[in-house]
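First up is the structure itself, then whatever we jot down about it.
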There are 2 protein chains.
Amino acid sequence: MRYPPEHKAEKRQALIEASSALLKQGGYAATGIDKLMEASGVTSGAFYSHFGSKAELLQALVPHELELSRNAWESNPHTEPTAWLEFELERYLNIKHVRHPEAGCMLPSLGAEIARANAATRKVFEEEMEKGVLMLEQKLGNADLAWTFICQLVGAILVARAMPTKAAQLTVLDANKRILLESLTRTLASFAE
Amino acid sequence: MRYPPEHKAEKRQALIEASSALLKQGGYAATGIDKLMEASGVTSGAFYSHFGSKAELLQALVPHELELSRNAWESNPHTEPTAWLEFELERYLNIKHVRHPEAGCMLPSLGAEIARANAATRKVFEEEMEKGVLMLEQKLGNADLAWTFICQLVGAILVARAMPTKAAQLTVLDANKRILLESLTRTLASFAE
DNA sequence: GTCTATAGATGGATAGAC
DNA sequence: GTCTATCCATCTATAGAC
């Protein structure tokens with residue numbers, strides 16, 4: 001046959017990727033399937049050849065997005081813990097990240113809606129987060145610190161995005177960066193003792 | 001006249017209070033005005049005697065909710081910084097807070113939708129947050145630390161809520177509590193030097 | 001597999017009776 | 001000020017033509 005079975009899987013993946021930016025930008029509940037499919041140049045009818053429901057799209061979005069986030073961490077060129085952290089703080093706690101949710105981490109924009117999603121979606125979320133924490137644990141030497149670091153970053157972007165001006169957004173970002181750099185460096189040093 | 005002008009303001013306030021739980025639980029976009037008014041025993045027609053639009057309700061919800069959050073902080077009985085923090089960590093980073101968004105802080109549940117709201121709503125949000133940071137600054141001695149503390153707490157609840165099991169939620173909460181207590185105590189000590 | 005068309009429900013918001 | 005009724009848009013999801 002002309003189109004092998006994996007062609008359908010590829011199309012499905014393409015729909016997920018095209019939907020992700022719109023969902024992160026506008027929110028899951030507020031963004032209709034029509035609009036999501038428009039981004040891929042198809043109509044909403046085509047959507048249901050690839051997904052059983054809108055909820056299934058959200059579930060599929062979770063591993064896609066969290067894998068991208070882990071890849072970003074992996075691309076950090078530093079090996080020394082403090083330098084690695086400094087680089088990560090600059091990358092995540094960035095004003096561009098605040099102002100462009102469509103290109104950023106799914107957690108600040110869709111975290112609350114994942115929390116309201118069905119059990120299957122949250123199960124996938126947990127599994128993908130565990131992978132991320134495992135990776136971070138190897139950098140930071142401690143699982144507690146890994147969870148805390150993630151929560152801090154997510155909260156900082158969430159709060160900064162709710163601010164009305166760039167100045168206020170920078171206030172939030174810079175405060176977080178200053179405290180985190182100082183505090184984490186000291187925490188890492190205490191582990192090394 | 002039988003009903004003084006403030007009676008209307010009181011009714012408006014009552015509608016806000018009755019809506020708040022449903023909005024935090026179900027999300028702003030996903031919860032209709034019909035359902036919100038049902039909680040007050042009126043129909044959606046009555047809504048528009050008190051609010052010009054659904055967006056105006058969200059804007060009114062922000063000062064109401066953030067004042068409640070500040071009041072909770074104020075009720076902390078401790079004066080010594082470390083004891084104050086410990087109490088606050090137990091209060092906010094609590095499994096009940098994770099599992100009952102309708103009774104908790106608006107930031108983890110509605111923060112992302114405030115970030116997508118209009119400029120007027122975000123302006124009010126900023127003003128109310130400044131008040132909270134000012135109050136926290138007096139407890140922690142540092143504005144950067146106040147912002148960071150808030151972001152950390154919000155992120156922790158957001159991430160914990162997205163977890164599928166109570167065990168996983170506790171993992172997130174406990175990790176944050178352990179690191180925060182240790183790290184903040186050390187940071188406070190460094191300020192005292 | 002994607003299209004058009006549409007069902008069926010619900011969304012925000014308005015009009016007019018009381 | 002609140003009600004019922006309704007407008008109109010949009011939502012998720014399905015049916016049938018191609």
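Each chain gets a letter, A, B and so on, in the order the sequences are listed, and its residues count up from 1.
Considering only side-chain atoms of A/Val42, the nucleotide from C/dT2, D/dA13, D/dC3 that sits closest is C/dT2. Which of D/dG1, D/dT12, C/dA13 sits closest to the side chain of A/Tyr48 comes down to D/dT12. Looking at the side chain of A/Ser53, the nearest of the listed nucleotides D/dA13, D/dC3, C/dT2 is D/dA13. For B/Ile33, the listed nucleotide lying nearest its side chain is C/dG12; candidates were C/dT2, D/dC3, C/dG12.
The nearest heavy atom of DNA chain C to B/Lys54 and to A/Ser49 marks one nucleotide each, and the one closer to the 5' end goes with A/Ser49.
Rounded to a whole Å, the CE atom of B/Met37 is 15 Å from the P atom of D/dG1. Counting to the nearest Å, the P atom of D/dA9 and the NZ atom of A/Lys35 are 18 Å from each other. Summarising the geometry, the separation between CG on B/Leu36 and C1' on C/dT10 is reported as 14 Å, rounded to the nearest angstrom. Taking atom CG of residue B/Asp34 and atom P of nucleotide D/dT6, one finds them 15 Å apart after rounding to whole Å. Nucleotide D/dC11 holds its C1' atom 15 Å from the CG atom of A/Leu57, rounded to whole Å. Rounded to whole Å, the distance from CD on A/Glu56 to C1' on D/dA13 is 13 Å. In this structure, B/Tyr28 places its OH atom 12 Å from C1' of C/dG11, rounding to the nearest Å. The interatomic distance linking A/Arg12 (CZ) with C/dG1 (P) rounds to 13 Å, in whole Å.
Ring-plane geometry between A/Trp84 and A/Phe149 is classed as tilted, the angle between the planes lying from 30 to 60 degrees on a 0 to 90 degree scale.
Closest non-hydrogen pair, B/Pro108 versus A/Ala112, comes out as O-CB, 3.5 Å.
Among the atoms of the strands shown, none is found under 4.0 Å from any heavy atom of A/Gly52. Across all strands shown, B/Thr31 has heavy atoms under 4.0 Å from sugar-phosphate atoms exclusively, and none from any base.
Note on A/His50: a side-chain N or O is less than 4.0 Å away from OP1 or OP2 of C/dT2. Close to D/dC3, at under 4.0 Å from its OP1 or OP2, lies a side-chain N or O of B/Thr43. Look at B/Lys11 and you won't find any side-chain N or O under 4.0 angstrom from OP1 or OP2 of D/dG1.
In the helix from C/dG1-D/dC18 to C/dC18-D/dG1, the end axes, each obtained as the rotation axis mapping the C1' atoms of four pairs onto the next four within a five-pair block, lie 10° apart to the nearest 10 degrees.
With respect to A/Lys35 and A/Glu38, no salt bridge is recorded, no charged nitrogen being found less than 4.0 Å from a carboxylate O. A salt bridge links A/Arg12 and A/Glu56; the closest N-O separation between the charged side-chain nitrogens and carboxylate oxygens is under 4.0 Å.
Taking B/Arg186 as the reference, nothing meets the side-chain hydrogen bond (donor to acceptor under 3.5 Å, both in side chains) condition, with sequence neighbours excluded.
For residues 59-81 of chain B, every residue pair satisfying the salt bridge (Lys or Arg N to Asp or Glu O under 4.0 Å) rule, not counting sequence neighbours, is listed here: B/Lys24-B/Glu65, B/Arg70-B/Glu128.
With a 4.5 Å cut-off on side-chain heavy atoms, B/Ser19 and B/Met37 count as touching.
Rounded to the nearest 0.5 angstrom, B/Leu61 CG and B/Leu66 CG are separated by 8.5 Å.
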